[in-house]
Protein chains: 2
Amino acid sequence: MRIGQLAARTGLTTKTIRFYESAGVLPAPARRPSGYRDYDEDAVDRLAFVKAAQAAGLSLAEIREIITVRASSGAPCQHVLALLDSHAADLDRRIAELTALRADVERLRSRAGTLDPATCSPAAVCQVIPADVVAQPVPTT
Amino acid sequence: MRIGQLAARTGLTTKTIRFYESAGVLPAPARRPSGYRDYDEDAVDRLAFVKAAQAAGLSLAEIREIITVRASSGAPCQHVLALLDSHAADLDRRIAELTALRADVERLRSRAGTLDPATCSPAAVCQVIPADVVAQPVPTT
DNA sequence: CTAGGGCTTCCACTGCGCTGGAAGGTCAAG
DNA sequence: CTTGACCTTCCAGCGCAGTGGAAGCCCTAG
């Protein structure tokens, strides 16, 4: 099938599918004489795997690595399990960070009612946010 | 004081301080005849505010907006409170998403032990990650 | 024959908060 | 006078997962 139909069947855009090919998570398909990409059914399965792995929080780089392991040394189960463990640990850390941040924000919120706007110095901008907020900046990852 | 000393006193780099100026969260300071930036004590307070606001999860754009409100219409308390509320709601959403994702990963992990590697098809890459993973991809924001 | 929809490539851009480096000016100590 | 630390500007790039657009080819229907 051509890329448009693959896109329709997977819910991705043609742009994204070409991007996945360049990112190494989808093998380059056969080409028709016209130069059009010509996909087989495996491509649908592969894209389903990519979506599922993304939903499990894996990056395209990690997904590519899994695929490489699979291609070179058979079942990547151990590798995948290690990745999942590492991601679970990441998630625990991030959840803890965000929860702490949530508590700090709540603390600021509830403290705000006790403040007198007149005591707010210009250089400090706003005393609702004091200089001793506890939580560290949240890493985006 | 010059930018290097301000950096030393705030724990930021000179690069970051110049970047903050260009981002509109730190006013352009006076200049010496040499062209060197010459900061006063207020700059220390301002940078402390920026750090605290960042620690509270605010973006530089939001911090700049708070500063603008402060400069134009006095105390930005209401604005800041609204921002904090909105961020608290964001945090609740993100924590819920990550918690759901964490549960999904755990589910995959524990299910993995029951699988037979021999039933793993090449196109699907790895059956540890099946196509019906529930959670949606986590938005980075 | 022409219009259109689909396909190709390539390059640039998004958001965010910096960080690195190049090329050059300034200033105090030795 | 020279060295070296410090400062200036500007331009580029990171990571991530795409998205947008331009220029041009392929194919089919009317």
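Numbers restart at 1 for each chain; the letters A, B, ... are given by sequence-line order, proteins then strands.
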Using only side-chain N and O atoms of [X], determine if any of them is under 4.0 Å from OP1 or OP2 of [N].
X	N	answer
Arg37(A)	dT9(C)	yes
Gln54(A)	dG18(D)	yes
Thr16(B)	dT19(C)	yes

Handout entry: Beyond-backbone contact of Phe49(A) with Ile63(A), side-chain heavy atoms, under 4.5 angstrom
Key =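 A side-chain contact under 4.5 Å exists here.
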
Practice task
Report yes if the side chains of Leu91(B) and Thr99(A) come closer than 4.5 Å at any heavy-atom pair, otherwise no.
Solution key: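 No; the side chains remain at least 4.5 Å from each other.
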
Would you kindly give the [atom1]-to-[atom2] distance between [X] and [N], to the nearest whole Å?
X	N	atom1	atom2	result
Leu6(B)	dC7(D)	CG	P	10 Å
Phe19(B)	dG13(D)	CZ	C1'	13 Å
Arg31(A)	dG6(C)	CZ	P	19 Å
Arg18(B)	dT8(D)	CZ	C1'	7 Å
Glu21(B)	dT8(D)	CD	C1'	12 Å

Exercise for the section: Nearest-nucleotide wise, let me know which of Ile3(A) and Ala61(B) is further upstream toward the 5' end of DNA chain C. Expected result: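 It is Ile3(A) whose nearest nucleotide is closer to the 5' end.
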
Handout entry: Along DNA chain C (nearest heavy atom to each residue), the more 5'-positioned of Thr14(A) and Tyr20(B)
Key =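 Final value for this comparison: Thr14(A).
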
Salt-bridge criterion met for [X] and [Y] (N-O under 4.0 Å):
X	Y	result
Glu41(A)	Arg9(A)	yes
Arg31(B)	Asp38(B)	no
Arg102(B)	Glu106(B)	yes

Return yes if some donor-acceptor pair links the side-chain N/O of [X] with the main-chain N/O of [Y] below 3.5 Å, else return no.
X	Y	value
Arg46(B)	Val25(B)	yes
Lys51(B)	Leu12(B)	no
Glu62(A)	Ser59(A)	yes

Practice task
Answer yes if Phe19(A) and Ile3(A) sit in the same cluster of Ile, Leu, Val, Met, Phe, Trp and Tyr residues linked by side chain heavy atoms under 4.5 Å apart, and no otherwise.
Solution key: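 In one cluster: yes.
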
Problem - Angle by which the axis turns from one end of the helix from dC1(C)-dG30(D) to dG30(C)-dC1(D) to the other, five pairs per end, to 10 degrees - result: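 The two end axes of the helix from dC1(C)-dG30(D) to dG30(C)-dC1(D) meet at 40°.
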
Fill in the blank from the handout: Expected string for nucleotides 20-30 of chain C under the B/S/- scheme (protein heavy atoms, under 4.0 Å, primed atoms plus P, OP1, OP2 as sugar-phosphate) is BB---BBS---

